[in-house]
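Scroll down for the structure; my scribbles are underneath it.
The figures that follow rest on heavy atoms only: side chains count, while hydrogens, waters and symmetry mates do not. Counting begins at 1 with the first residue of the sequence.
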Amino acid sequence: MLFLLISCFSFIFFFKSFSFKPLKSEGNMLLLGPWFWEGFSSFLVSWFNKGRFAVSMFQVPLKMPLTKVNLCSKVQEIVEDEGEGPSLLDLPELALECILERLSPADLCSMAGVCNSLRDRCRSDHLWEKHLKHKWGRVICEAACKEWQCHIASRKRPSFLDQRNQKGFFGSLMGMWPFFWYKPQCESRNKPTTCLPVDSIMALYLSLESGKFWFPAQVYNRENGHVGFMLSCYDAQLSYDSRTDTFQARYSLFARRTIEESIHWDRLRAPPVETPAHVLYTSDCLNDLKPGDHIEIQWRRSKEFPYGWWYAVVGHQELCDGNENRCRCRYSDTVVLEFSQYPPGTRWRQTIVNRKDRREVGNEADGFYGGIRKLYKEEEILKWKQLLPNQIFD
């Protein structure tokens with residue numbers, strides 16, 4: 001009986017010492033491990049030694065067994081009187097925004113679990129837009145945004161809090177990110193007070209990081225640089241693997257079904273045009289092409305296959321000696337395209353296209369050539385030059 005009285009008194013004393021306001025949620029809460037409380041204690045001691053702010057900024061939920069709590073006595077003494085100092089939320093609006101803007105995605109997720117007010121702030125689109133552009137801006141395009149809109153429209157229940165099957169960097173954060181301590185309430189009859197809105201930029205970022213969202217992009221030298229695809233770029237559906245910081249690609253169903261893994265960032269790009277892979281691109285540069293220009297041309301093996309974009313350089317006509325003062329190639333009705341990855345004189349080294357004919361040309365033996373886009377940006381040309389093979393293929 002004495003033991004029971006002592007236990008009850010200790011329990012009451014503990015909750016009076018911490019007048020925290022828990023994050024509102026009607027669902028069950030997952031237990032926090034002792035490692036969290038040890039780190040949390042150290043952080044509080046360091047914070048109070050520096051700034052003497054009140055603990056009211058950390059409205060940590062305490063709906064858990066007492067045995068899980070192992071706060072040091074020094075922290076208990078500090079937090080007994082929570083009215084001594086200001087709260088983080090008492091900072092001026094601009095100062096608080098500056099702090100949040102400097103947080104990493106993982107830190108924003110952690111801060112979102114402190115209290116309801118910070119949760120709403122840390123999910124703001126303007127904060128996550130910066131992180132989305134920084135990491136994903138090079139491979140995410142308008143087509144990917146449209147795909148995302150279709151993705152969220154098809155979801156019956158807007159919950160992004162399911163922590164099953166998470167791996168790598170994203171999965172390791174599950175144990176730290178506070179809003180993952182709660183079981184998703186969007187799947188029940190309760191109000192979805194803690195669920196992440198599916199149409200937020202934060203939701204898009206987390207879906208990309210987790211690999212759940214397959215987005216459209218293009219892959220240079222598909223199938224691990226197979227000789228048959230050297231200096232080409234093909235459309236694919238991509239999924240990110242945070243464990244290896246690489247991607248998995250699924251190529252178009254119009255071709256043979258192919259899956260490629262371990263694709264690095266430097267082999268990806270956002271589609272430069274909105275033309276789908278099975279549609280002929282309308283060229284608008286044919287009359288301006290001259291020797292030395294860098295271009296990409298659509299090519300496919302047969303009518304059933306999708307187009308890929310192939311790198312080529314505009315060459316000189318057969319009777320031209322290449323002298324700039326005497327060259328009249330730019331006034332010819334035909335344009336010579338050279339594919340430098342193949343030896344001179346071979347069937348794949350050159351092709352000739354008509355400036356005035358914008359239709360698809362070719363045959364089942366040599367494949368079919370489609371639209372042409374001229375490369376104006378130096379970074380695009382440099383990228384193709386970096387992909388040039390060290391040897392010429394037969």
Side-chain angles (χ1 to χ4, degrees), residues 18-25 29 32 35-62 71-72 74-76 78-137 140 160-161 163 169-182 193-210 242:
F18 291 88
S19 57
F20 296 180
K21 182 179 179 181
L23 188 64
K24 295 181 179 179
S25 175
M29 183 181 300
L32 306 178
W35 64 272
F36 168 80
W37 291 109
E38 180 180 355
F40 184 71
S41 301
S42 301
F43 175 77
L44 281 180
V45 172
S46 174
W47 180 272
F48 277 91
N49 285 339
K50 292 179 181 180
R52 301 291 298 172
F53 279 150
V55 182
S56 58
M57 66 169 288
F58 287 100
Q59 297 172 309
V60 180
L62 297 176
L71 296 177
C72 63
K74 183 175 181 179
V75 177
Q76 293 185 20
I78 293 175
V79 300
E80 283 183 354
D81 185 3
E82 64 176 32
E84 291 184 356
S87 163
L88 176 67
L89 296 177
D90 293 331
L91 290 174
E93 189 75 16
L94 181 59
L96 183 56
E97 279 296 312
C98 289
I99 293 174
L100 296 181
E101 287 176 357
R102 285 164 173 75
L103 296 181
S104 67
D107 292 334
L108 280 174
C109 290
S110 297
M111 187 68 78
V114 171
C115 64
N116 290 334
S117 178
L118 286 177
R119 182 195 65 197
D120 295 336
R121 290 174 179 268
C122 292
R123 292 178 177 180
S124 298
D125 282 349
H126 75 278
L127 294 177
W128 286 92
E129 184 177 7
K130 177 188 68 174
H131 296 296
L132 185 69
K133 288 182 178 180
H134 176 72
K135 183 170 184 177
W136 297 95
I140 294 296
F160 280 81
L161 306 181
Q163 55 182 319
F169 169 76
F170 187 81
S172 66
L173 293 178
M174 294 302 185
M176 295 187 294
W177 293 3
F179 60 77
F180 285 106
W181 297 342
Y182 297 90
T193 57
T194 62
C195 283
L196 182 61
V198 294
D199 58 348
S200 66
I201 296 180
M202 181 180 179
L204 172 58
Y205 186 95
L206 298 184
S207 292
L208 288 167
E209 285 286 333
S210 67
S242 59

Problem set entry | Approximate separation, where rounding is to 0.5 Å, of L89 CG and L118 CG | 4.5 Å
Exercise. Of all residues at least two apart in sequence or in a different chain, which pass the salt bridge (Lys or Arg N to Asp or Glu O under 4.0 Å) check with K133?
Worked result: E129
Exercise. Does the pair I140 and L208 meet the rule for a side-chain contact (heavy atoms from CB on, under 4.5 Å), with working shown?
Worked result: CA-CA 10 Å; I140 294 296; L208 288 167; 4.2 Å; yes
Problem set entry | Non-hydrogen side-chain atoms of M111 and R119 separated by less than 4.5 Å | no
For this session: Dump the intermediate steps for side chain to side chain donor-acceptor pair (under 3.5 Å) on S104 and D107, then the final yes or no.
Result: CA-CA 5 Å; S104 67; D107 292 334; 3.0 Å; yes
For this session: Could you check if a side-chain atom of L108 sits within less than 4.5 angstrom of a side-chain atom of W128, using non-hydrogen atoms only?
Result: yes
For this session: State, with a plain yes or no, whether a side-chain heavy atom of M202 is found less than 4.5 Å away from one of C122.
Result: no
For this session: Can you see which heavy atom on Y205 is nearest to which on H131, and at what distance?
Result: CE1-O, 3.7 Å
If you look only at distance, which donor and acceptor atoms sit under 3.5 Å apart when one is on a side chain in residues 94-103 and the other is two or more places apart or in another chain?
unit_1	atom_1	unit_2	atom_2	d
E97	OE1	H126	NE2	2.9
R102	NH1	C98	O	3.0

Exercise. Can you check whether L127's main-chain N or O pairs, donor with acceptor, with S124's side chain at less than 3.5 Å?
Worked result: no
Problem set entry | Spacing of NZ belonging to K130 relative to CG belonging to D125, to within rounding of 0.5 Å | 14.0 Å
